[in-house]
There are 4 protein chains.
Amino acid sequence: MSNYSHSQLAFEKNMSDTRISPRKLPQQDRARATVEAILDATAQLLVEEGYHKTSTNKIAKRAGVSVGSLYQYFPNKEAVVAGVVEAFADDQMAFLGERLMELQGLPLEESVHALVVALLEAKQLNPDLHQVLFEHLPPIGQIDVLKDWTDQAVALVTLALQSRDELEIENPQLTAFVLISACHGIIHTAVVNSPHLLADENFSREVAKLILSYIK
Amino acid sequence: MSNYSHSQLAFEKNMSDTRISPRKLPQQDRARATVEAILDATAQLLVEEGYHKTSTNKIAKRAGVSVGSLYQYFPNKEAVVAGVVEAFADDQMAFLGERLMELQGLPLEESVHALVVALLEAKQLNPDLHQVLFEHLPPIGQIDVLKDWTDQAVALVTLALQSRDELEIENPQLTAFVLISACHGIIHTAVVNSPHLLADENFSREVAKLILSYIK
Amino acid sequence: MSNYSHSQLAFEKNMSDTRISPRKLPQQDRARATVEAILDATAQLLVEEGYHKTSTNKIAKRAGVSVGSLYQYFPNKEAVVAGVVEAFADDQMAFLGERLMELQGLPLEESVHALVVALLEAKQLNPDLHQVLFEHLPPIGQIDVLKDWTDQAVALVTLALQSRDELEIENPQLTAFVLISACHGIIHTAVVNSPHLLADENFSREVAKLILSYIK
Amino acid sequence: MSNYSHSQLAFEKNMSDTRISPRKLPQQDRARATVEAILDATAQLLVEEGYHKTSTNKIAKRAGVSVGSLYQYFPNKEAVVAGVVEAFADDQMAFLGERLMELQGLPLEESVHALVVALLEAKQLNPDLHQVLFEHLPPIGQIDVLKDWTDQAVALVTLALQSRDELEIENPQLTAFVLISACHGIIHTAVVNSPHLLADENFSREVAKLILSYIK
DNA sequence: CATGAATGAGCGTTCATTCAT
DNA sequence: CATGAATGAACGCTCATTCAT
């Protein structure tokens, strides 16, 4: 998966919220490498220890830089985590967007099943990080992974639904919301409760059935 | 809502895990009152401040007892939170169980809609606490709210499905799981993303539609 | 000099400013001893290292208690220093008040000279602490040693002036202010610039001359 | 007021103390401008944030140069502040020297009053900086604003007193010391305690009265 | 049993200073 | 010369937990 590349783009997205916006854009290659190492180390520690026990000093040590360097690029701990979330969301959406592209032209049944599989796979990109971000992050600043992830996924699926002329959907946005949040809920719960389901071919079929009977 | 009564039952449930099991059963009324006050205070602080900032000293102060007393009944902070989770789950299931009872004999359509509404209402019992427990609790010990809640809700719904002879469901447990986790996912996401949906009559209708077209 | 006894009284004085008011009144003897040790250690460190380098950890170590204990009684570093200032001011005023009492009935000349000597001696009570508090304390919260000290000293001297019927002073408060701030300025500067002056009998005579020729 | 011009003179004064002496004399105009910008920025930050929070990085940013440049001209933070103090003292003495010049030939009464007014005005040149330097600077290196300021002012006034043949003063230096430190003390305390006094015409009259009755 | 004073490791963060570019 | 990324010791402060009273 991605290495949480702290892209210029990602940086600028958060520039509006001064509480978590990066302190400055890294201008030299050395600096860019530092920022990346910090984000990678943070993602690892978040998984291994949880937010609470992920200290900025540990992050710095793991990243092979000094705490001071961390604070050159991030105003506080929250901002570092926000950076990880940002990168995570970007990766997820890049992945889902690509998969949805490939669906065009396929028959509806296959298409829906492929969507479910894509969502399942997205969750496997970095399952532990996924879990920490969605289930165990304290309410910090403006960070809301669930909201951000859902909003972006809904947008993607809304477009996909609208491009299907054979479907007569009154409110594509609502439908997409129900669809995405249902799938996400099922998959997420399956990960936590019954990991064995994930590998089962019948599982994705069952979920696809739910979707199909709903939108048809 | 409930006052997180530290029921004898709840206490015994955790007796197997020594890391979070209560130290002793409160045997006098005064003791029971103390434990209750602690759990109530904890629930409040969890909502107001989050897990991280909910300190045992603050809990004790808010509960009107000394820290020492807290540690008479709970071996550590995790155990206190586990107690809150326990009480929360009990409340939720008591509520849902009652509602599902009332459904017997109703036509399927109404029944399903009523179930969805019950789930919505369950989430309103203490929405803030709900959110903290489901979304923001760090991974502590054996506590897994999502797993516990889902397992119990699935059990209830499995029974309800099985009691409907008109339905021919191959794997009622899987169906119940899909159903519950989908509903929970949709509702939870709606709370976070689009609270306005919750009051909308069409919203529960839409969710009911999803369920109905799936199980019929 | 005083041991900066953290008197109940001194505690209550600051109760209005929540930013520096003590966290709680020590209720046991053990606690009172802790508070006293903290204030003594702080005064020492303030002198030896200055405010900036006087860290709460060092204070605690020197006082023979843990940092945690310090923070049980003081909400922050400022409050500890405020406690020292409080005790210092109390000591100074107790001393000056006593000396002024003894002046009653003496002829004016002697009286004035005795006042000057008293001020000189007050500065010798703890000259180093005096200097740190008056000259090197950063602007913290509502703490203003110069203002507090002057206000109290002016009040004492105003009374003393008014009790002298032979003096016809129009505005005793203004006269007291000029008198006190002049003496304080001279003595303080002498301490810094020309310590040898302090022991010189002529010095106090000279200052007394300034005062006498002014009020007569 | 002055821009804290880092005069060649000021530079050389400190050449003896290697701990705070500037590293090299700025030889080009650009360098001189840099040094000046640094001193100005420092003076501002000293007032706005105090010594403690005035960091070299902030100084550099405010001055529009890099930290590295700052360390080209000053060996450490103390030296920068010493530079500010130096410039401040130079400004003050230039101002007072000029004013004392104008007094020659005036009658004694007027002369003394004019001196008091000059001291009052000197304090208004940059009252906030005045206060920080005199009251809130930690004891750093050999810097002692009060001592330097007093010594220079005493020297000026001693000369002025000696040039007055009508006065028969035994020890002009002691008299000048008492005079200057008294005035300084009164004015300084008035600034802190009773700023309204400063504008009052009677205030300077009262102080002049103190001086006159003393030296006559 | 209840109390609350005491502990101290560890947190998030700053800042004077250096040095490769 | 100027730059600014990097350093890391040290700061102020919190909090889960213990134990003498």
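Worth saying up front: this structure is predicted, and the values here are computed from it rather than measured. The chains referred to below are lettered A, B, ... by the order of the sequence lines, with proteins before strands, and numbering in each begins at 1.
- Aromatic ring pairs are classed by plane angle as parallel below 30°, tilted from 30° to 60° and perpendicular above 60°; the pair Tyr51(D) and His52(C) is perpendicular.
- Between Thr34(A) and dA6(F) there is a side-chain N or O to OP1 or OP2 distance below 4.0 Å.
- No option in Thr56(D), Val65(D), Val84(D) other than Val65(D) meets the side chain to side chain contact (heavy atoms under 4.5 Å, CB included) test with Ile38(D).
- Less than 4.0 Å separates DNA chain F from at least one heavy atom of each of the following residues of residues 57-67 of chain C: Asn57(C), Lys58(C), Val67(C).
- If you take CD of Gln72(A) and P of dT14(E), they are 12 Å apart, rounded to a whole angstrom.
- Contacts of Thr54(A) with the nucleic acid, taken as non-hydrogen atoms under 4.0 Å apart, involve only primed sugar atoms and P, OP1 or OP2.
- To the nearest 0.5 Å, atoms CG (Asp128(D)) and CG (Leu133(D)) are separated by 10.5 Å.
- Remark: Lys77(B) NZ to Leu70(B) CG distance equals 11.0 Å, nearest 0.5 Å.
- Between the NZ atom of Lys53(A) and the C1' atom of dG12(E) there is a distance of 17 Å, rounded to whole Å.
- Paired regions of DNA chain E, where each region holds three or more successive Watson-Crick or G-U pairs whose two hydrogen-bonding distances fall under 3.5 Å, are E:2-21 with F:2-21.
- In this structure, Tyr71(A) does not reach the dC15(E) phosphate: none of its side-chain N or O atoms is under 4.0 Å from OP1 or OP2.
- For the atom pair CD (Glu36(C)) and OH (Tyr73(C)), the distance works out to 13.0 Å, reported to the nearest 0.5 Å.
- Between the His136(A) side chain and the His136(B) main chain, no donor and acceptor come within less than 3.5 Å of each other.
- For dG12(F), one of the phosphate oxygens OP1 or OP2 lies less than 4.0 angstrom from a side-chain nitrogen or oxygen of Thr56(C).
- Rounded to whole Å, atom P of dG12(F) lies 12 Å from atom CD1 of Ile140(C).
- A salt bridge links Glu48(D) with Arg62(D): at least one charged nitrogen is closer than 4.0 Å to a carboxylate oxygen.
- Regarding Glu78(B), its CD atom lies at a distance of 8 Å from the P atom of dT17(F), rounded to whole Å.
- The distance between atom NE2 of His52(C) and atom C1' of dA10(F), rounded to the nearest whole Å, is 10 Å.
- The distance between atom CD1 of Ile38(C) and atom C1' of dA5(E), rounded to the nearest whole Å, is 11 Å.
- Within 4.0 Å of Ser55(B), counting heavy atoms only, lie sugar-phosphate atoms of the nucleic acid but no base atom.
- Counting heavy atoms from C-beta outward, Phe74(A) and Leu39(A) have side chains that approach closer than 4.5 Å.
- Of the listed nucleotides (dG12(F), dT17(F), dT17(E)), dT17(F) has the atom at the smallest distance from the side chain of Asn76(B).
- Across the protein-nucleic acid pair, Lys77(A) atom NZ and dT14(F) atom C1' stand 13 Å apart, rounded to whole Å.
- Taking the side chain as every heavy atom from C-beta outward, Thr54(A) and Val81(A) never approach each other to under 4.5 Å.
- Rounded to an integer number of Å, the gap from Glu49(B) CD to dT14(F) P is 12 Å.
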